[in-house]
Structures are given as C-alpha cells and as structure tokens.
K.L.:
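Once you've had a glance at the structure underneath, I'll fire off some questions.
Computed from a prediction, not measured in an experiment: that's the story for all the values here. Below, chains carry the letters A, B, ... as their sequence lines are ordered, and counting in each starts from 1.
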Protein chains: 2
Amino acid sequence: MNSEDAFSQQPEPLTIARMAERTGLSADTLRYYEKAGLIEPIGRSAGNQRRYAVTDVDWVEFLLRLRTTGMSIVYMQRFARLRAVGDATVADRLALLREHRSELDERIRTLRENADALDRKIDHYERLLSPQQETDHA
Amino acid sequence: MNSEDAFSQQPEPLTIARMAERTGLSADTLRYYEKAGLIEPIGRSAGNQRRYAVTDVDWVEFLLRLRTTGMSIVYMQRFARLRAVGDATVADRLALLREHRSELDERIRTLRENADALDRKIDHYERLLSPQQETDHA
DNA sequence: CTAGAACTTGGAGTGCACTCCAGGTCAAAC
DNA sequence: GTTTGACCTGGAGTGCACTCCAAGTTCTAG
C-alpha cells in the first residue's frame, strides 16, 4: 500500500508470512528451503527476523516451476549453488536446464501415451455399460 | 510363444520372479501390492509359493499406468476394491477413471505451461551467453 | 509499558511408496 | 541326504519433502 523510499534500493521487504502468502509455500517450507540452500541466506531485521526482498519472489517462483515439473531438491540445490557462484556458471545452468527440459518432454510424452491407454479403458467401460445408458451427463 | 493346453485354463503360471521380470516391479513390490489389496490374493503352489496367472500381468500393467499418471495407492486400492466386487461396480469404476483422466489432463496442461516458462528461461540464458557462442550443439 | 501475535531455532514426527532383512520353508541338483 | 537357491512371513528401515513442536525472542497495537 505504499511505494519504496528514495535512499534505499529495497522497495519493501516482506516478512516470512507475507512471503508465504505470495509464493504459496508455508513459512516452514521457506525456512526449510533456505536451510537446504535452495534460497540464499535471507537478510534479517534488527531483531533477527527474515526480511525477503521482492526479487526473492521471482526466484522462489522459478523453484516452484522446477518442482512442479518434477525436479528433485537435490537438483535444485545444484542449480542454486551454481547461481550463487555467479555469472561464470551460466553455461552450466543452461546445460542443467536443458537437460531438465528434455526430461520434461519425455515425461509429458509418457503421460500422453498413458492418457490414451486410459481413454481406451474408459471406452471399454462405457461399452460395458450397455449402448445407451447414461449414468452421467459428462 | 506357445498356446494354452486343452484341459486347464491356466496357460502357465508365473513365479514371482518371472512376474517381476514381466512387469518391471520387484518381487517385494509385488508382495506389497498384494498385501495392500491392489492385487487380489494370488494362487499358491503346493509349497505355498505364489503362481501368477498370465492375466495378472494385464492388471499390474494397468496399475502401473495409473501409478505413472500420478494416482496414489489409496485411489488404486479404491479401484481394486470395486473391481473385486464385480460387474455391479462398473459405473463406479468408470467414474473413478474419468475423474483421474481429467486430473491427468490438468496435470499435462500445467506441465506444458511450465515447460513454456522454462523455454523462456533457457532463451534468456542463451542470450546471456553472448550472441554466437556455441557451448553445446543441441 | 504490556499483551498478544509473529517470529526464531533445533530437532522430532509424518506420509508415502517402497526396500531390506532375519529366520524359516520348500524344491531340485548333486 | 545335504547343499543351493528361490521363495515365504512379519516387521524394521529408507529417502523424500515437508510439517510440527517447544521454548524462547521480537514486533506491534493500545
């Protein structure tokens, strides 16, 4: 509800609760990810409470994308470690991402094949339920 | 590679090791699935060893399809229980399958969206790696 | 200044889907 | 008849990704 002030570059840091709201992760999971090295050490308030930068949201959203597409935490750690090193690791990160991307294609392909097989099974059950019985208006 | 003989309807039962080979599940997992009620109690030899019927392979392959498409064991149990009851449950099984099928579509859709986002990230990294550097001939 | 909500930590607990193990039985090979 | 190997059971252990908890500290509203 307010804009960033003029002398600091942090627009407005988020508490862990707000970060949880924005990302959909629980506060516990955010701490767990940080401890696991998926998120780099978050800045703290005077009283030692985490204050997330708005840019951290983007990173967490990227992690969530990797998670959703089936990447394990071990692999995300690998990626996060490379990222923490800096620009020199861009090629490595690219390679990692390309590999994951192609596994993802394979996964989607497999799912589609299985979906087709399920469709055939569904057809089979529909035929079993006598030609014009309509149990369900789907 | 051969046909069933004329007096028994069992073409040739499989030991658990052969069943494991055919389905790709371990013997332990086959026992686990049976104990969990995913596979109905398998007939035994005189010496109490499991003898799988060839038709059991089809059922396990169906279970594997459900598993691959993300169905939990709890839901597979539900399906297996209905199946064990018999023909009266075909409509219920159909409903269960349809629901799973639509969740699967949703899942595939999500994966595709995330795949697209990953492609954009990959493009970004490729542009970072200077216009004509080729680290990788992919 | 104080009450209560939100935060901190380290560590224990959970749910899922296996996977492994010990100790025993059974069948075939020598 | 004994060795070898496949099989049996019940139950413990594993790895993953959280999730919860207790005990203490900090922040914020009144």
K.L.:
Name all pairs fulfilling the salt bridge (Lys or Arg N to Asp or Glu O under 4.0 Å) condition that reach into residues 78-89 of chain A, sequence neighbours left out, sorted by first residue then second.
P.N.:
A:Glu40-A:Arg83
K.L.:
Among residues at least two apart in sequence or on other chains, which ones pass salt bridge (charged side-chain N to carboxylate O under 4.0 Å, His left out) with A:Asp92?
P.N.:
none
K.L.:
Please tell me which of B:Lys35 and B:Ala27 maps to the more 5' nucleotide of DNA chain D, matching each residue to the nucleotide holding its nearest heavy atom.
P.N.:
B:Ala27
K.L.:
Show me the dot-bracket string of DNA chain C, counting Watson-Crick or G-U pairs under 3.5 Å, with | for pairs to another strand and [ ] for crossing ones.
P.N.:
||||||||||||||||||||||||||||||
K.L.:
Can you pull out the residues from residues 100-114 of chain B that lie within a 4.0 Å heavy-atom distance of DNA chain C?
P.N.:
none
K.L.:
Tell me the ring-ring contact (aromatic ring centres under 6.0 Å, His included) pairs involving residues 97-121 of chain B, sequence neighbours left out?
P.N.:
none
K.L.:
Would you say the side chain of B:Glu34 lies within less than 4.5 Å of the side chain of B:Leu30, judging by non-hydrogen atoms?
P.N.:
no
K.L.:
Out of D:dT9, C:dT8, D:dA17, which nucleotide sits closest to the side chain of A:Ser72?
P.N.:
D:dA17
K.L.:
Return the set of residues passing side chain to side chain donor-acceptor pair (under 3.5 Å) with B:Ser72 (not counting sequence neighbours), or none when no residue passes.
P.N.:
none
K.L.:
If the sugar-phosphate is the primed atoms plus P, OP1 and OP2 and the base is the rest, what is the B/S/- string for nucleotides 18-27 of chain C, using protein heavy atoms under 4.0 Å?
P.N.:
BBB-----SS
K.L.:
Can you name the residues that form a side-chain contact (heavy atoms from CB on, under 4.5 Å) with B:Ser102, not counting sequence neighbours?
P.N.:
none
K.L.:
Would you please name every residue forming a salt bridge (charged side-chain N to carboxylate O under 4.0 Å, His left out) with B:Arg120, sequence neighbours left out?
P.N.:
none
K.L.:
Looking for any heavy atom pair under 4.0 Å, which part of the strands does B:Arg44 touch: base, sugar-phosphate only, or nothing?
P.N.:
sugar-phosphate
K.L.:
Respond yes when some side-chain nitrogen or oxygen of B:Thr15 is under 4.0 Å from OP1 or OP2 of D:dC7, and no when none is.
P.N.:
yes
K.L.:
My understanding is that only residues two or more places apart in sequence, or in another chain, count here; which of them pass salt bridge (charged side-chain N to carboxylate O under 4.0 Å, His left out) with B:Arg51?
P.N.:
none
K.L.:
Could you list all the ring-ring contact (aromatic ring centres under 6.0 Å, His included) pairs where at least one residue sits in residues 20-54 of chain B, not counting sequence neighbours?
P.N.:
none
K.L.:
For a quick check of understanding: with a heavy-atom distance under 4.0 Å over all strands, which category does B:Arg51 fall into, base, sugar-phosphate or nothing?
P.N.:
nothing
K.L.:
Would you mind writing out the side-chain donor-acceptor pairs for residues 54-65 of chain B within the sub-3.5 Å range, not counting sequence neighbours?
P.N.:
{"unit_1": "B:Asp56", "atom_1": "OD2", "unit_2": "B:Ala53", "atom_2": "N", "d": "2.9"}
{"unit_1": "B:Trp59", "atom_1": "NE1", "unit_2": "B:Leu38", "atom_2": "O", "d": "2.7"}
{"unit_1": "B:Arg65", "atom_1": "NH1", "unit_2": "A:Asn114", "atom_2": "OD1", "d": "3.2"}

K.L.:
Check whether any side-chain heavy atom of A:Thr69 lies under 4.5 Å from a side-chain heavy atom of B:Thr110, and answer yes or no.
P.N.:
no
